[in-house]
Each structure stands twice: as structure tokens, then as C-alpha cells.
Amino acid sequence: MGDTLRLLEPGFMKKEGHTPSTSYQVNDKDASYKDSLDPLSASSKRTIQSFHVCVAIVFLLNVGTSMIIPAQWPRMLLLDATPSYLGLSIALFSFGQMMGSNLFCYIFAEQSKYFRVSLIISFVLIFLGDLGYFLGDRLWIVFVARAVSGFGFGNQEAIQDYVEKCARVERRADDVGKLSLFATISLVIGPLLTACLSAIPDDTEYGGIYMNVATLPGLISALFALSCVFILVRYDLNEPREEEDPDTQIMMFDTAPDAPKLVPGTSILAVLVVVYFVVFMNSSIFETVVVPYTMSCYDWPVLYNCFFFASMGVVSAAAFFALQHAGQYLTDLSITIPSLYILTLGYLLVFPFTWEGDECFVDSGAFFTGNYGHNQHVLLWRFLIGTVVIAFTYPSSFTGLVGMYAKVLFWMDPEVVSKRIFILKSAGYLSRILGPLWTSLTLEYQGSITVFMIIGVLTLMCAISMSALRAKLDRLLQSFFQRNLSYSYSGLVE
């Protein structure tokens, strides 16, 4: 998973020397190079400390954010909102994250000496945004607060870039993997902390401010962000490695210079981007639909939804671990296409096989209306099995697709690669913005049956499109694997 994330970095192939038949020599006499290999050196200690700081702030950041997810809809209900307002709140957070990510990544790439300051500012913004979310007594205040928090939350990608650049090359994938592991664990812990708050009575007030499970996650998340500010003020971050220095470059050489250098056509790349857009939308649909749906159909309190999101986090983590092992034996294409078909099956399970008022051999067809939108009842066992299937196959289809996209671009010009990856990332952000909007509007005016039908059909079309392109994608991926690149660092071949 760490390698896949690293491949997605804009300019990766140019910056890392990932062009065919390129080699650099390593100067073993360089003092800084020797320090990087000595685990007891001062430079190495500073690097390890910086990595621990990054793990701590990413963990706290994600715990706070995941605390808010199961409580967003109850927070909207305090302001007499409808599902469309919930979707707008989530979309504004994603829009802010997109803008913040571009800014913080630019600062790290072009002005790395100000990176630590930019991180402190980002966590101050998260603190202010989450505090506004906690105190807001008007919908527009909550909307502005979520956009500000999202802008600060955009620092995650820049932190990952920093960890990648600071780590020694042979440890880079391992360090990014550890960072992702703690981020995944935090997505389980956050909802469980919110579950503890559900014991507080809903009508608890202090100074005219609600102090219950709907509002307190915002306050606690703000305190976590403030803790990250204190950590960054207390501990300095080590300077990232200058990888363009030829004395510290990796030596890379191509043992198969005659390997076929195949470049994907525009139509193939367009299909992959569209599939990525649809697959990435799954996470926003979960975040937007699940809580209003379960509260109306099954009368679930916030406590049950917290346990639900925590369990889905465990399922997603299990999927990532399974994917790491399966990736040793299966190609990205062999993982992605079956995952898309199984993902469609998940939506088929949560789809109510009945139409307004019609009898059905399984479901009652009863509708629940009000602020929860129009939700058609599905038997609980089907809903649970379907969501587990979706939570397990979404990470595998997403990660396989990302890895495949990076590999088929391998032989292209580095500048073109950067543009193509920028398009892919933009599609992901656009999906996170548009997904909650159309989902919440559809839920409010058409019903959950339409939401599940649309996303299920789109996922099935993506699976069919990928199957139709399988032969061409196989040729492109074979071109990547036949390059037989070897990596040499200080005379050792990995």
C-alpha cells in the first residue's frame, strides 16, 4: 500500500529517477550519507523523532475527524436540517480539503523550510473550524466551520509526502505503511469515543450550548487539533532529504532495455479516471446515507451507528491487510475487476426489491418520511451483510485501480505523468464533493432505493468496462513488469 501511495505522487517518476535506463552513482564517503545509515547518528535520531511526530499528529487528526462522522446527522437535526444540508456540509468539508491539500503540498514542495509553520497553521484552522462546529447555532455557521476544518485537514497528503521524503529509500514503503496503519486504527477509535458520549442525555445544556453526543465530538476534535499544535511547537521536524543530490541518489538500471515500451491511449486513461471517480464516491455515500437511513429504518441511536462505523473500519483494515498478501500473488487487474463485481453485489443486497406500495416476496415496502428523507425498508440482515461486502471490496477495488493507473503510465514522459496523475486526483476530489450532494438530494426527494440503484448500476458499468479492456490493460501491465528494474543502494541489490 505504501508503494502505491508513493507512485501517485505528482512528478514521482521524474523525481525518483523512474525513467528507463537511468543510473546514478553513490558516494560512500559522503558524511551525511553515512549518518543516514547509522541508526545512532544525530541525524537519524532527528528523522525518527520527526516520523513519530507525524504519526502522532495524523493519529490525533483522524481520531477527531472520525468522531464527528457518526454524529453529523444528529448535529444537523439540532438545527432542524434535512438530508440535503448534511450532504452540503460533507461536500464543503471535501472542497476545503481539496484547496488545503493543494496549498500545503505546494508549500512542502517549493518552500519546505516553512512546512512546519504551515502545519501549525493548518491545525489552528482545524481547531477553529471544529470549535465553530461545536458552538454553531445556525446552519451557515456549521457550513463555514466544516469548510475551514476541511481546509486544515488537507495537510494529510503533505504530511505523507514529508514522511516519504525523510525516510531512507529502503524504509520508505515501511514508514508510509505504518503511517497508514495508525490512520486506519484511528478510524476505529474515533467512533468508539463518540459511543462513550452517547451516555450523556440529549437535553444537556451549559450556558445555552448543547453538550451532548451531537456537539461534543466537535469540541473534542478541536482539543485534539490544539494538542497537535503543541506537539509541533515543542518538537522540531527534520529537514527532508535532498534526493536530487547525485551523492545520495539510488542507482537504478534496466536489465531489459528491449522490453516493449507501451503507452496507454487517451480512451483507456479516460475509462480508468471515470472508474476511479465512481469507486471513490462509495466512501462519501456511506458517510451521507448510512446514519439517516439506519435512524429511520431501524431506529438506531447514535450508539449503534458508532459501533457500526467502528466495525466497518475494522472490515476495511482487514481488507487492506488481505490486499497486501494477495498482491504478492495477484495483479492489480486481477484484484480490481472481481472487486468491482462483488461491490455491485453489495449494493444489490441493500437494494429493496419492491416499488412504492407493491408487495414483494422479501420486504414490506414500508416508507419512513420526515427529516430523514425517503428510506425504503430493507431487512436488517441484508443491510448488514451488504455493507460488510461494500466495506471489504471498496478498499481492494480502489487500491488496485490506483496501482494499475500508476503502472500503465510508466513509459510516458514524466511531465505528462504529472498531468495525468493530477487529473486522477482531481477526479477523486470532485467525486468527494459531488457524491454527498447528489446522494443527499436523492435521498430527500427520491428515496434511498434510487441512491442504491444508481451507485449499483454505475459500479456494474465500471466492472463491465474494465472487463472489456482487460486484454489491453494486460499488455500495458506486462510492459511495466517486463522492465525488470533492479535497485542498488550502496552496492546492495534489493
Side-chain angles (χ1 to χ4, degrees), residues 1-22 94-112 115 154-162 164-165 172 176 240 243-244 252 254 259-281 332-333 336 397-435 462 465-466 469 472-473 475-481 483 485:
M1 183 170 61
D3 286 335
T4 299
L5 294 172
R6 186 161 59 98
L7 281 168
L8 273 180
E9 182 181 349
F12 163 77
M13 296 181 183
K14 180 178 180 180
K15 180 172 63 177
E16 297 283 355
H18 278 220
T19 51
S21 304
T22 304
S94 300
F95 177 77
Q97 183 182 358
M98 176 184 68
M99 303 301 294
S101 177
N102 290 329
L103 175 62
F104 296 127
C105 287
Y106 171 80
I107 292 175
F108 174 69
E110 303 297 333
Q111 301 289 336
S112 60
F115 177 63
N155 62 18
Q156 280 214 116
E157 187 176 348
I159 294 174
Q160 178 183 299
D161 290 347
Y162 172 80
E164 291 175 357
K165 198 167 184 179
R172 181 167 296 169
V176 174
E243 293 183 339
E244 295 301 327
M252 171 182 286
D254 193 347
K261 300 174 178 59
L262 301 179
V263 177
T266 304
S267 59
I268 293 179
L269 294 178
V271 170
L272 292 177
V273 169
V274 171
V275 174
Y276 180 84
F277 176 88
V278 173
V279 170
F280 205 61
M281 195 180 293
D332 293 322
L333 190 60
T336 304
S397 57
F398 171 78
T399 307
L401 186 65
V402 166
M404 188 190 320
Y405 189 85
K407 291 180 178 69
V408 299
L409 296 178
F410 184 81
W411 297 110
M412 299 182 72
D413 182 83
E415 294 184 1
V416 177
V417 170
S418 298
K419 293 178 181 178
R420 297 295 187 184
I421 293 179
F422 175 77
I423 292 174
L424 186 74
K425 288 189 173 184
S426 300
Y429 282 120
L430 187 63
S431 175
R432 287 281 298 166
I433 295 172
L434 296 181
C462 290
S465 300
M466 294 290 290
L469 293 174
K472 294 182 179 180
L473 290 171
R475 291 181 59 200
L476 290 168
L477 292 175
Q478 287 174 7
S479 174
F480 172 82
F481 288 114
R483 80 206 194 286
L485 288 175

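This is a predicted model, so every value here is computed, not measured.
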Less than 4.5 Å apart, side chain to side chain, heavy atoms only: is that true for [X] and [Y]?
X	Y	result
D332	L401	no
D161	E164	yes
T266	R420	yes

Which heavy atom of [X] sits nearest a heavy atom of [Y], and at what distance?
X	Y	answer
F277	S431	O-OG, 2.8 Å
T336	S397	CG2-O, 3.9 Å
S465	V271	CB-CG1, 4.2 Å

| note | Sorted by chain and residue number, the side chain to side chain contact (heavy atoms under 4.5 Å, CB included) partners of L333 (sequence neighbours excluded) come out as T331, I337, M404, M466, R470, L473, D474, L477
| Y276 and Y405: CA distance, side-chain angles, deciding distance, ring pair (Phe, Tyr, Trp, His ring centres under 6.0 Å) verdict | CA-CA 9 Å; Y276 180 84; Y405 189 85; 7.7 Å; no
| Is S426 reaching over with its side chain to a backbone N or O of F422, donor-acceptor style, under 3.5 angstrom? |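 Answer holds: yes.
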| said: I'd like to know if the side chain of S94 reaches the main chain of R432, judged simply by a donor and an acceptor atom lying under 3.5 Å from each other, with no hydrogens or angles considered. | reply: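 Judged by distance alone, yes, a pair lies under 3.5 Å.
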| query | For F115, which residues count as a ring pair (Phe, Tyr, Trp, His ring centres under 6.0 Å) partner, sequence neighbours excluded? | reply |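 Once residues adjacent in sequence are excluded, the partners of F115 under the ring pair (Phe, Tyr, Trp, His ring centres under 6.0 Å) criterion are F108, Y162.
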| said: Suppose we screen for ring pair (Phe, Tyr, Trp, His ring centres under 6.0 Å). Which residues come up paired with Y429, at least two apart in sequence or across chains? | reply: none
So, taking the atom named [atom1] in [X] and the one named [atom2] in [Y], what distance separates them when rounded to the nearest 0.5 Å?
X	Y	atom1	atom2	result
C105	I107	SG	CD1	9.5 Å
L469	S267	CG	OG	7.0 Å
I433	Q97	CD1	CD	9.5 Å

| request: Start with the C-alpha gap between Q160 and Q156, add the side-chain angles, then the distance that decides, and say whether side-chain hydrogen bond (donor to acceptor under 3.5 Å, both in side chains) holds. | output: CA-CA 6 Å; Q160 178 183 299; Q156 280 214 116; over 6 Å; no
